[in-house]
Amino acid sequence: MTKDQRPAATAAAPSNFIKDIVRADVRAGAYNGRVQTRFPPEPNGYLHIGHAKSICLNFGLAAEFGGRCNLRFDDTNPVKEDVEYVESIKQDVRWLGFDWGDGLFYASDYFERLYAYASRLVEAGKAYVDDQSADEIRENRGTLTSPGKDSPWRNRPVEENLDLFGRMRAGEFEDGSRVLRAKIDMSHPNMVLRDPTLYRIKRVPHHRTGQKWPIYPMYDFAHCLSDAIEAVTHSICTLEFENNRALYDWVLDELGIEPRPRQYEFARLNLTHTALSKRKLIRLVREGRVAGWDDPRMPTISGLRRRGYTPESIRTFCERIGVSKAENLVDMALLEHCLREDLNRRAPRVMGVLDPLRLVIENYPEDQTEEFEFANNPEDEAMGRRMVPFSRVLYVERDDFREQAPGKWFRLAPGREVRLRYAYYVTCTDVVRDASGEVAELRCSFDPKTRGGWSKDGRKVKGTLHWVSAAHAVRAEVRLYGNLFSAADPSGADEAEFMELLNPDSLRVLPGCMVEPGLCLAKPGEIFQFERNGYFCLDPDSTPGRPVFNRATTLRDTWARIERQKDK
RNA sequence: UGGGGUGUAGCCAAGCGGUAAGGCAACGGGUUUUGGUCCCGUCAUCCGAGGGUUCGAAUCCUUCCACCCCAGCCA
């Protein structure tokens, strides 16, 4: 089973305020009942779980109302963007299970038309070329509580503006020497409307248009018009763009665009123990704090995929967190819950011992091997069965043995009888130590009448242990992941101390794990439940005969909780 | 101190004048050849605070408080 071949589990998605607006528009016959959205990433980084929220919202709305959702790259700033990012973004959106059909666009596709729109604004006296430097513009913008000052170039004649703007395009001027600005109101209480910059000169090559353009439009100018050009009806973005909506509307108003898209804003996702800002993620990658964008500790889509997350679990998560305008910090435990819920249903069960301890069954014949039949998933017969070899020397989990059994302990301890899953009952008869005094091996006896792991006499054996036959086991590397950040909310920290909050124990590598032999046939990306241990995904770093597994998440562990409570 | 937003349980989040959904977490209990899953139960006399309207307010009005966003030629 490959995780991206699985059937989608689509439950009825709950409503939210944006869906309510769309539904009301459809009922009222707005846009002739048409619904069109778009997911507009800037290709300057990899997608993360926060983007997944937006993707699910936008594509989900289109699907629910029989509309369409475009994938549009907001590639208006070539100095930050790269084709590597556009490829990863396309892959991630597809992997999440969404299809943009023929709706793949780039803001850069519209550069010619955007230039024409800008020229119209100039002709209408609604935009002007400003010769001030960036510093001067900043100084004259005023502050939150005091008005700005008009630029000395604000009232240039239309003809001169047209000429200058044309020459900006022709590449006659240096970077930063001039900009095109909207003529709105330098004392507007909304800072966004204090004559915002529409175009700036950047004589740098663009990943799609090459050397063609020395000027590039700003987000506020390009975005609303790109939406209009594509006939988007509902333009959904995050809260920090709320102030920009006034400019979004201003541009469309001045250009007389009708019918026009409307912008709606929702609160971006925040998740505990991680970071969801591109700036911070890119730092983690660049400074080598993680192995790359797809490091399984990263909240990126590619990281989650490599970790063992399924598209379904991520979609379910996005549905459960809801969509609102309130600041939020969602507990990572919810994401993990969604993964377990999905994987419990579909991951084949398998035996893997993370910290092997030899167990020798003294009364079991030296040279005998037998096979036991295991259900791949006891709750789903359709997943089939398999045979697993058993012999005199096994590996069990070191943590399943205690010399001093605490209260309620029903695993292995001197004199205690336990069940080896699907095999036999064994009783610990002796403990062998190495020179340093460490427990090196357990000596046990087994009861032949308990074949299959069951006895007719009604004997109470509470503990059931996973195991693997030493002679048949495959040695594997297992990577255990913890939270990227120790602090629940590292975003509270400033840029400097942010790195200090990284969890030093976010990755533990166990080189000597022992897994059942069938696992050497697994393919990268396949996910298994190691019984009693958790869910593990085969990593691409695996080589033939040397599997590497990533622990996606643990199983719920009631015993660990009991022990934790005792500590308190 | 200007403008734009948001406040419902530890965390998300419904609720749209008729007496506080649901999920996660937590905590009890049952089933169990995974201390998993599953099942059952507990968990807001109260909706940021005060005042008002109303037979009735989380929902309407009002005052206040707290938090977030905006002064890029980033998006």
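Naming: A, B, ... by sequence-line order, numbering from 1 per chain. Not measured: the values here are computed from a predicted model.
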Applying the ring-ring contact (aromatic ring centres under 6.0 Å, His included) criterion to A/His206, which one of A/Trp213, A/Phe73, A/Phe111 satisfies it?
A/Phe111

Less than 4.0 angstrom between a side-chain N/O of A/Gln565 and OP1 or OP2 of B/C27, yes or no?
yes

Atom NZ of A/Lys19: over 12 foreign heavy atoms under 6.0 Å:
yes

Any strand: nucleotide that pairs with B/A20 via Watson-Crick or wobble, under 3.5 Å:
none

Please state the C1' separation for the pair B/G51 and B/A26 - nearest whole angstrom.
37 Å

At under 4.0 Å between heavy atoms, what does A/Trp467 touch on the DNA or RNA strands: base, sugar-phosphate, or nothing?
nothing

Taking atom P in both B/G28 and B/G17, compute the distance separating them and give it to the nearest angstrom.
41 Å

Between A/Asn190 and A/Asn243, is any side-chain donor less than 3.5 angstrom from a side-chain acceptor?
no

Could you tell me whether A/Thr558 contacts a base, only the sugar-phosphate backbone, or nothing, with contacts defined as non-hydrogen atoms closer than 4.0 Å?
sugar-phosphate

In terms of heavy-atom contacts, does CD of A/Glu373 have more than 12 from other residues, nucleotides or ligands at under 6.0 Å?
yes

Of B/U37, B/G35, B/C12, the nucleotide closest to the side chain of A/Glu379 is B/U37

Tell me if the side-chain of A/Arg556 makes a donor-acceptor pair with the base of B/G35, cut-off 3.5 Å, by modelled atom types.
no

Out of B/A25, B/G36, B/C12, which nucleotide sits closest to the side chain of A/Ala333?
B/A25

If B/G7 has a Watson-Crick or G-U wobble mate with both distances under 3.5 Å, name it; if not, just say none.
B/C65

Residue A/Asp331, side-chain atoms from C-beta onward, closest of B/C11, B/G36, B/G35:
B/C11

Pull out every protein N or O sitting under 3.5 Å from an N or O of nucleotides 70-73 of chain B, one pair per line with the distance.
from	atom 1	to	atom 2	distance (Å)
B/C70	O4'	A/Asn243	ND2	3.3
B/A71	O2'	A/Arg141	NE	3.3
B/G72	OP2	A/Arg141	NH2	3.1
B/C73	OP1	A/Arg141	NH2	3.1
B/C73	OP2	A/Arg141	NH1	3.4
B/C73	N3	A/Gly176	O	3.3
B/C73	N4	A/Gln132	O	3.1
B/C73	N4	A/Ala134	N	3.0
B/C73	N4	A/Gly176	O	2.9

Counter-base of B/A75, judged by Watson-Crick or G-U geometry with both distances under 3.5 Å
none

Here the distance between atom P of B/G3 and atom CD of A/Glu242, to the nearest Å, is 16 Å

Once you round it to whole Å, what is the distance between C1' of B/U37 and CZ of A/Phe530?
19 Å

Please work out if A/Asn244 contacts a base, only the sugar-phosphate, or nothing of the nucleic acid, heavy-atom cut-off 4.0 Å.
base

Would you mind classifying the nucleic acid contact of A/Phe410 as base, sugar-phosphate or nothing, using non-hydrogen atoms under 4.0 angstrom?
base

From B/A26, B/C24, B/C12, nucleotide with atom closest to A/Leu329 side chain
B/C12

Partner nucleotide of B/A57 by Watson-Crick or wobble geometry (both distances under 3.5 Å):
none

Could you check whether A/Val461 gets within reach of a base, just the sugar-phosphate, or nothing at all, counting any heavy atom under 4.0 Å?
nothing

What is the nucleic acid contact for A/Arg181, judged by heavy atoms within less than 4.0 Å: base, sugar-phosphate only, or nothing?
nothing

Taking any heavy-atom pair under 4.0 Å as a contact, classify A/Glu265: base, sugar-phosphate, or nothing.
nothing

Rounded to the Å, how far apart are A/Asp399 CG and B/G35 C1'?
12 Å

Do A/Gln263 and A/Glu265 pair up side chain to side chain, a donor and an acceptor below 3.5 Å, judged on atom types alone?
yes

Quiz question: going by heavy-atom distance under 3.5 Å, is there a donor-acceptor pair between the base of B/G23 and the side chain of A/Glu319?
no

Using the P atoms only, state how far B/A49 lies from B/A57, rounded to an integer number of Å.
15 Å

Only counting residues at least two apart or in another chain, list the ones meeting salt bridge (charged side-chain N to carboxylate O under 4.0 Å, His left out) with A/Glu379.
none

Span that lies between the C1' atom of B/A44 and that of B/G10, in whole angstrom
13 Å

Roughly, in whole Å, what's the span from CZ in A/Arg340 to P in B/U37?
8 Å

Please report the distance separating the C1' of B/G22 from the corresponding atom of B/U8, rounded so that it comes out in whole Å.
14 Å

In whole angstroms, the gap separating C1' of B/A13 from CZ of A/Phe317 amounts to 13 Å

When the P atoms of B/U6 and B/C46 are compared, how many Å lie between them, rounded to an integer?
26 Å

Contact class for A/Glu327 (heavy atom, under 4.0 Å): base, sugar-phosphate, or nothing?
sugar-phosphate

Once you round it to whole Å, what is the distance between P of B/C12 and CG of A/Asn270?
9 Å

Can A/Glu230 and A/Asn70 be counted as having a side-chain donor-acceptor contact under 3.5 angstrom?
yes

Nearest-angstrom distance, P atom, B/C64 to B/U1
12 Å

Under 3.5 Å, is there a donor-acceptor pair linking the side chains of A/Arg38 and A/His223?
yes

Closest listed nucleotide, where the reference is the side chain of A/His337 and the choices are B/G35, B/U34, B/A25
B/A25

In this structure, how many angstroms lie between the P atom of B/A75 and the CG atom of A/Leu198, rounded?
12 Å

Atom CZ of A/Arg268 to atom P of B/C12: distance rounded to whole Å?
16 Å

Determine, for A/Arg346 against A/Glu312, whether the closest basic-nitrogen to carboxylate-oxygen distance falls under 4.0 angstrom.
yes

Result for 5'-nearest mapping on RNA chain B, choosing between A/Leu334 and A/Leu465, is A/Leu334

Which nucleotide sits closest to the side chain of A/Trp559: B/U34, B/G35, B/G5?
B/G35

Using the C1' atom as the point on both nucleotides, what is the distance between B/U63 and B/A75, in whole Å?
39 Å

To the side chain of A/Ala326, which of B/U37, B/A13, B/G15 is closest?
B/A13

Sorted by position of nearest nucleotide on RNA chain B, 5' first, the leading residue of A/Thr272 and A/Ser15 is A/Thr272

A/Glu417-A/Tyr425 side chain donor-acceptor pair, cut-off 3.5 Å
no

What is the glycosidic conformation of B/G17: syn, defined as within 90° of 0, or anti?
anti

To the closest 0.5 Å, what do you measure between CZ (A/Arg320) and CG (A/Leu335)?
11.5 Å

